[in-house]
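Worth knowing before you read on, the calculation uses all heavy atoms, side chains too, and leaves out hydrogens, waters and symmetry mates. Just so you know, residue 1 is the first one in the sequence shown, and it goes up from there.
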Amino acid sequence: MATQIETEQREAVLVEDAHIRPMMGLEILEPLPSARIPYAMVDPYILVHEGVVPITAERASLDTKHQHRGFDNLWYAISGSSSTGHSTGPGGAMERARLEPGSLLKLRTGRGVWHAEGIGEDELREGKAGTEMRGLLFWVNLARKDKDVEPSAQVLQPHEVPVRHDGDANVRVLVGEGSPVELGTPALILDVELPKGGRFTSPIPSGFNSFVYVLEGEATFGANRGRARRSQIAVLGPGGALAVEEARPGTRFVLMAGKPYRETPVFNGPFVD
């Protein structure tokens with residue numbers, strides 16, 4: 001019996017602006033969570049933040065030590081570099097991770113991890129005060145049965161990120177085929193650039209929830225050609241593929257998809273139960 005492949009194009013069922021959330025003296029763009037987007041439409045993705053972090057002695061010295069629990073914390077460096085600390089060393093010792101442009105840090109918080117960011121400490125020692133790092137932060141839920149796992153950290157260096165050229169697009173596979181980063185559920189995270197504009201198509205497993213977040217430019221998304229621009233999120237409906245068209249030159253977006261757990265997370269600040 002032949003396997004049937006879902007080819008129906010997804011539609012952009014909801015497009016909205018990221019809102020601004022003040023955090024630690026910064027204005028962070030927060031497309032998720034959103035009062036207008038039910039969690040069931042984006043499960044397993046809990047939070048998406050975009051921010052520009054200045055590398056200064058004042059920021060590096062801030063006491064930002066805090067705990068996380070119950071999800072995968074992903075930090076992606078879009079441009080610039082920065083460093084951060086977390087208690088995933090032997091016996092819970094603090095260790096640091098360095099992110100260069102294109103790096104991805106996956107922090108599995110599991111049953112609990114301390115995050116003491118000290119953002120930019122390494123860069124300051126290298127004389128890089130006054131620079132800045134633009135990054136994306138994702139929180140991806142863990143299944144309730146996995147929330148008590150051992151915390152761990154994994155850094156994907158830029159040269160370890162699979163890159164492919166797909167028609168008009170340059171595609172970096174942060175999570176998905178060829179990437180060593182695995183989440184608690186099958187998932188896909190693609191950084192897609194269209195330097196000359198044009199179009200892009202991608203299969204998405206039919207059982208996955210999916211959405212895009214636009215980093216630069218503007219394009220139409222989905223069979224209904226929903227238009228989204230810089231700092232907007234477009235939530236996609238069911239189907240087996242995404243079509244992106246009429247992209248302006250320099251358009252860049254992140255496509256995020258994942259198999260939902262269909263469990264309702266309980267939020268308690270940095271804890272997700």
Side-chain angles (χ1 to χ4, degrees), residues 3 5-12 15 31 45 48 50 74-81 98-106 133-138 140 154-183 186-236 239-259:
T3 301
I5 299 175
E6 172 67 72
T7 59
E8 182 182 356
Q9 291 285 343
R10 295 184 177 227
E11 294 188 347
V15 177
Y45 292 89
V48 179
E50 179 193 351
L74 305 178
W75 195 22
Y76 179 49
I78 301 170
S79 62
S81 63
R98 175 71 172 269
L99 278 78
E100 301 291 348
S103 297
L104 178 71
L105 167 64
K106 171 195 164 186
M133 182 258 206
R134 181 185 179 195
L136 274 180
L137 180 70
F138 316 97
V140 188
Q154 176 186 10
V155 177
L156 188 64
Q157 299 294 351
H159 68 273
E160 298 175 306
V161 177
V163 179
R164 68 174 189 262
H165 303 287
D166 191 341
D168 297 323
N170 301 323
V171 183
R172 307 183 79 248
V173 184
L174 306 180
V175 177
E177 185 176 359
S179 171
V181 175
E182 294 185 357
L183 304 181
L188 180 70
I189 302 178
L190 304 180
D191 177 4
V192 181
E193 290 188 82
L194 291 148
K196 297 181 180 180
R199 60 183 61 190
F200 167 74
T201 60
S202 177
I204 301 173
S206 59
F208 284 21
N209 286 330
S210 62
F211 59 94
V212 297
Y213 177 65
V214 183
L215 295 170
E216 303 290 349
E218 185 176 353
T220 63
F221 295 88
N224 61 335
R225 304 169 74 86
R227 182 163 291 276
R229 62 181 186 275
R230 166 79 178 101
S231 74
Q232 287 188 320
I233 180 174
V235 180
L236 306 174
L242 168 66
V244 181
E245 298 184 352
E246 299 178 17
R248 291 183 177 177
T251 293
R252 184 177 185 181
F253 61 90
V254 179
L255 167 62
M256 288 161 271
K259 184 177 181 181

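Partners of Arg248 according to the side-chain contact (heavy atoms from CB on, under 4.5 Å) rule, which considers only residues two or more places apart in sequence or in another chain, are Glu218, Thr251.
Distance check, rounded to the nearest 0.5 Å: CG of Leu188 to CG of Leu183 gives 10.0 Å. One finds the CG atom of Leu215 at 8.5 Å from the CD atom of Glu193 (value rounded to the nearest 0.5 Å). Note that OG of Ser79 is 12.0 Å distant from CD of Glu100, once rounded to the nearest 0.5 Å. Taking CD1 from Ile233 and CD from Glu50, the interatomic distance works out to 12.0 Å, rounded to the nearest 0.5 Å. Interatomic distance, Phe211 CZ to Ile204 CD1, rounded to the nearest 0.5 Å: 11.0 Å. With rounding to the nearest 0.5 angstrom, the CG atom of Leu255 is 9.5 Å from the CD1 atom of Ile189.
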Would Arg252 and Asp191 satisfy salt bridge (charged side-chain N to carboxylate O under 4.0 Å, His left out), going step by step from the backbone distance to the final call? CA-CA 7 Å; Arg252 184 177 185 181; Asp191 177 4; 2.6 Å; yes
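The closest donor-acceptor contact from the side chain of Ser179 to the backbone of Leu174 lies under 3.5 Å. In this structure, the side chain of Lys106 engages the main chain of Glu182 through a donor-acceptor pair within 3.5 Å. In terms of modelled atom types and a separation under 3.5 Å, the side chain of Asn224 and the main chain of Ala12 share a donor-acceptor contact. Listed for the Arg10 side chain is a donor-acceptor partner under 3.5 Å among the backbone atoms of Gly239.
No side-chain heavy atom of Arg199 sits under 4.5 Å from any side-chain heavy atom of Val244. For the pair Arg134/Tyr76, no side-chain contact is recorded, criterion being any heavy-atom separation below 4.5 Å from C-beta on. Side-chain contact check for Phe253 versus Phe200: some heavy-atom pair is nearer than 4.5 Å. In this structure the side chain of Glu246 reaches within 4.5 angstrom of the side chain of Arg227, judged on heavy atoms. Here the side chains of Val173 and Leu190 are in contact, with some heavy-atom distance below 4.5 Å. With contacts defined as side-chain heavy-atom distances shorter than 4.5 Å, the pair Phe221/Val15 does not qualify. For the pair Val212 and Leu242, the minimum side-chain heavy-atom distance is below 4.5 Å. With a 4.5 Å cut-off on side-chain heavy atoms, Val140 and Leu74 count as touching.
In this structure, Ala187 and Val175 approach most closely via the heavy-atom pair O-CG1, 3.7 Å. Of all non-hydrogen atoms in Pro180 and Gln154, the two that sit nearest each other are O-NE2, 3.3 Å. Nearest heavy-atom pair, Leu194 versus Ala247, reported as atom, atom and distance to 0.1 Å: CD1-CB, 3.5 Å. Across Pro158 and Arg172, no two heavy atoms sit closer than the pair O-NH2, 3.5 Å. Of all the heavy atoms in Tyr45 and Ala257, the pair that sits closest is OH-O, 2.9 Å. Here the closest non-hydrogen pair linking Glu216 and Gly250 is CB-O, 3.5 Å.
Annotation for Arg229: atom CZ does not count as buried by contact number, only 12 or fewer foreign heavy atoms lying within 6.0 Å. Within 6.0 Å of the CD atom in Gln157, the count of heavy atoms belonging to other residues, nucleotides or ligands exceeds 12.
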